[in-house]
Amino acid sequence: MAAPDAVDGVEGGSSETGLILSESNTGDTKRPQFGTRFLTDPRQVFQHNAWDNVEWTDEQEAAAKKKVLENSQPLPPEKREEYDSRANQFWNEFYTIHENRFFKDRHWLFTEFPELAPQCSLNHEAHPAVCGTDGSQRDQKQCGEFAALSLDDGDFPGSSAKYRILEVGCGVGNTVFPILKTNNDPGLFVYCCDFSSTAVELVKTNPEYDPGRCFAFVHDLSDVEANYPVPDGSLDVIVLIFVLSALHPNKMQDSISRTARLLKPGGVMLLRDYGRYDMAQLRFKKGRCLSENFYVRGDGTRVYFFTQDELHELFTEAGLEKVQSLVDRRLQVNRGKQLTMYRVWIQCKYRKAPVQPPETQG
Ligand SMILES: C[S@@+](CC[C@H](N)C(=O)[O-])C[C@H]1O[C@@H](n2cnc3c(N)ncnc32)[C@H](O)[C@@H]1O
């Protein structure tokens, strides 16, 4: 099988993030941060590997639009149908070939999405079932054991946890394992699912997989009739990293509306995905287009390129409200080959409205 276009697009690969690891004056590598290096003098473009918040000129935008139009003749309906009905098989083949070597751990998660980091605000006293009533909080190990008890409770995995995160389209765990490693909050329980059974198997056989803190399962995000192993209104955070773009655009709204039901009031959905005119979109040749801004790669996996407005519509239609939406425009540079690559990613957070406290009676 030919190398997937995904490798060209480096969308999830090692250079996907284009992260800048800043050095502290003690020589320690600090947490990666987006948006800290700006190209002010174009003559210096090859001095670094990446530049942040790059402005696009009108000409550049027009050229991108033209390129997309040139390659927008869609494949015949039977081919489009085949890529849709066999979508999980193509991803299974992808993971059979690459196993856990393709995507890199997403360590930027905690700076971009602090909701995934240990919760400073954890109020143990309000939740004695998790963390004790005697004022002297149980140690983290004990609390972790309490969170895991739910597995035997006959409820649902992690039902006694205080803070629940679900990653949909988790692949081989490049988001989930960094969360488990970084966030030792004893009340945390992490769920992760993917419709590739090969990927989920790789998560479960990873030595870092701890069934006391995590539950991985096979689930198709676009199958809105299928049950999740958690009840509606039970999740604090849902993470969607480069997964919504893999769905047929016609299925996106129902999928988002279905998963939004799982959020608690005040819970958030966190997304990072491809933006319109990202380099990966402009690289598609004729014969790869499925519908407007939706393409199939050489390995049969599919990808859509979003605008902020489209995502806003999807999330608000699902009853969520905007907390953040930004376009991350980054210029990546191959200094050896003197190549420039314009990347466009969208990052957003949408929240389910918190329950309003009842009005104080007079
Ligand atoms: C580009 S990969 C990203 C993987 C992971 N989120 C990461 O960032 O490393 C997209 C993932 O979404 C999964 N996926 C695609 N369509 C899906 C669907 N309908 N339901 C669940 N998972 C899906 C694929 O199997 C694949 O693991």
Side-chain angles (χ1 to χ4, degrees), residues 4-17 19 83-109 112-113 116 165-179 190-204 206 216-229 237-256 258-259 262 269-275 278 280-281 290 294-297 299-306 343 345-347:
D5 292 346
V7 175
D8 286 354
V10 288
E11 93 254 358
S14 51
S15 48
E16 176 265 316
T17 59
L19 288 179
Y83 287 122
D84 199 50
S85 58
R86 295 187 52 219
N88 68 337
Q89 293 171 30
F90 288 114
W91 277 105
N92 274 339
E93 283 167 23
F94 175 91
Y95 286 115
T96 301
I97 293 167
H98 298 287
E99 298 190 331
N100 57 7
R101 294 180 299 268
F102 188 77
F103 300 114
K104 300 287 178 241
D105 281 357
R106 277 89 168 64
H107 288 296
W108 45 263
L109 286 166
E112 298 304 305
F113 297 135
L116 303 174
I165 298 174
L166 164 68
E167 191 198 3
V168 182
C170 62
V172 295
N174 296 101
T175 296
V176 164
F177 291 120
I179 294 175
V190 180
Y191 307 85
C192 59
C193 65
D194 200 289
F195 76 166
S196 160
S197 52
T198 312
V200 172
E201 200 46 38
L202 285 162
V203 170
K204 286 181 156 174
N206 188 312
F217 57 102
V218 176
H219 187 94
D220 183 346
L221 170 62
S222 67
D223 182 354
V224 293
E225 301 299 327
N227 287 326
Y228 282 87
V237 182
I238 296 174
V239 185
L240 300 164
I241 298 191
F242 295 102
V243 58
L244 194 60
S245 53
L247 263 60
H248 190 293
N250 289 349
K251 297 182 180 174
M252 288 176 186
Q253 184 62 68
D254 287 349
S255 307
I256 291 295
R258 171 68 189 96
T259 44
L262 300 172
M269 229 182 248
L270 310 176
L271 172 141
R272 192 166 166 90
D273 218 320
Y274 295 100
D278 176 52
Q281 178 175 17
L290 296 166
F294 189 45
Y295 305 83
V296 60
R297 303 184 181 98
D299 60 4
T301 63
R302 300 171 304 168
V303 58
Y304 185 83
F305 296 86
F306 292 99
R343 306 309 316 256
W345 295 293
I346 296 187
Q347 180 171 306

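Both ligands and their constituent atoms are indexed starting at 1 by order of listing. Values reported hereafter were calculated over all heavy atoms of this structure, with side chains retained and with hydrogens, waters and symmetry mates removed.
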Atom pair CZ (Arg302) and CG (Asp84), whose distance is rounded to the nearest 0.5 Å =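 Those atoms lie 4.5 Å apart.
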Approximate separation, where rounding is to 0.5 Å, of Glu225 CD and Asn227 CG =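 Reported value, rounded in 0.5 Å steps: 9.5 Å.
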Which residues share a side-chain contact (heavy atoms from CB on, under 4.5 Å) with Asp254, sequence neighbours left out |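 Val224.
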Report, in ascending order of atom number, the atoms of ligand 1 lying under 4.0 Å from any heavy atom of [X].
{"X": "Glu167", "result": "6 (N)"}
{"X": "Phe242", "result": "1 (C), 2 (S), 3 (C), 10 (C)"}
{"X": "Gly171", "result": "27 (O)"}
{"X": "Arg106", "result": "7 (C), 8 (O), 9 (O)"}

Could you tell me whether Phe242 and Phe103 have their ring centroids closer than 6.0 angstrom?
->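 Centroid separation for Phe242 and Phe103: 6.0 Å or greater.
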Ring-ring centroid check His248 Phe294, cutoff 6.0 Å |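 Centroid separation for His248 and Phe294: below 6.0 Å.
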Ligand 1 versus Tyr95, non-hydrogen atoms closer than 4.0 Å: side chain, backbone, both, neither?
->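 Contact part for Tyr95 vs ligand 1: side chain (C-beta onward).
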Under a 4.0 Å heavy-atom limit, does His219 contact ligand 1 with its side chain, its backbone, both, or neither?
->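 Under 4.0 Å from ligand 1, His219 contributes backbone atoms alone.
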Where is the tightest heavy-atom contact between Trp91 and Ala246, given as atom of each residue plus distance?
->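 Reported closest heavy-atom pair: NE1-CB, 4.3 Å.
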Nearest neighbour of atom 19 (N) of ligand 1 from the list Val200, Val218, Asp220, on a heavy-atom basis =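 Looking at heavy atoms only, the winner is Asp220.
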Heavy-atom distance to atom 5 (C) of ligand 1: which of Gly169, Ala87, Ala246, Ser196 wins?
->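 Comparing heavy atoms across Gly169, Ala87, Ala246, Ser196, the nearest one to atom 5 (C) of ligand 1 lies in Gly169.
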Considering distance alone, does some N or O of [X] sit under 3.5 Å from an N or O of ligand 1?
{"X": "Trp91", "value": "no"}
{"X": "Ile241", "value": "yes"}
{"X": "Phe103", "value": "no"}
{"X": "Leu247", "value": "no"}

Consider only side-chain N and O atoms of Thr301 and Asp299, and report whether a donor and an acceptor are under 3.5 Å apart.
->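 The criterion, which ignores hydrogens and geometry beyond distance, is satisfied for Asp299 and Thr301.
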Hey, what's the ring geometry for Tyr304 with Phe306, parallel, tilted or perpendicular (30° and 60° as the breaks)?
->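 Rings of Tyr304 and Phe306: perpendicular, as their planes differ by over 60°.
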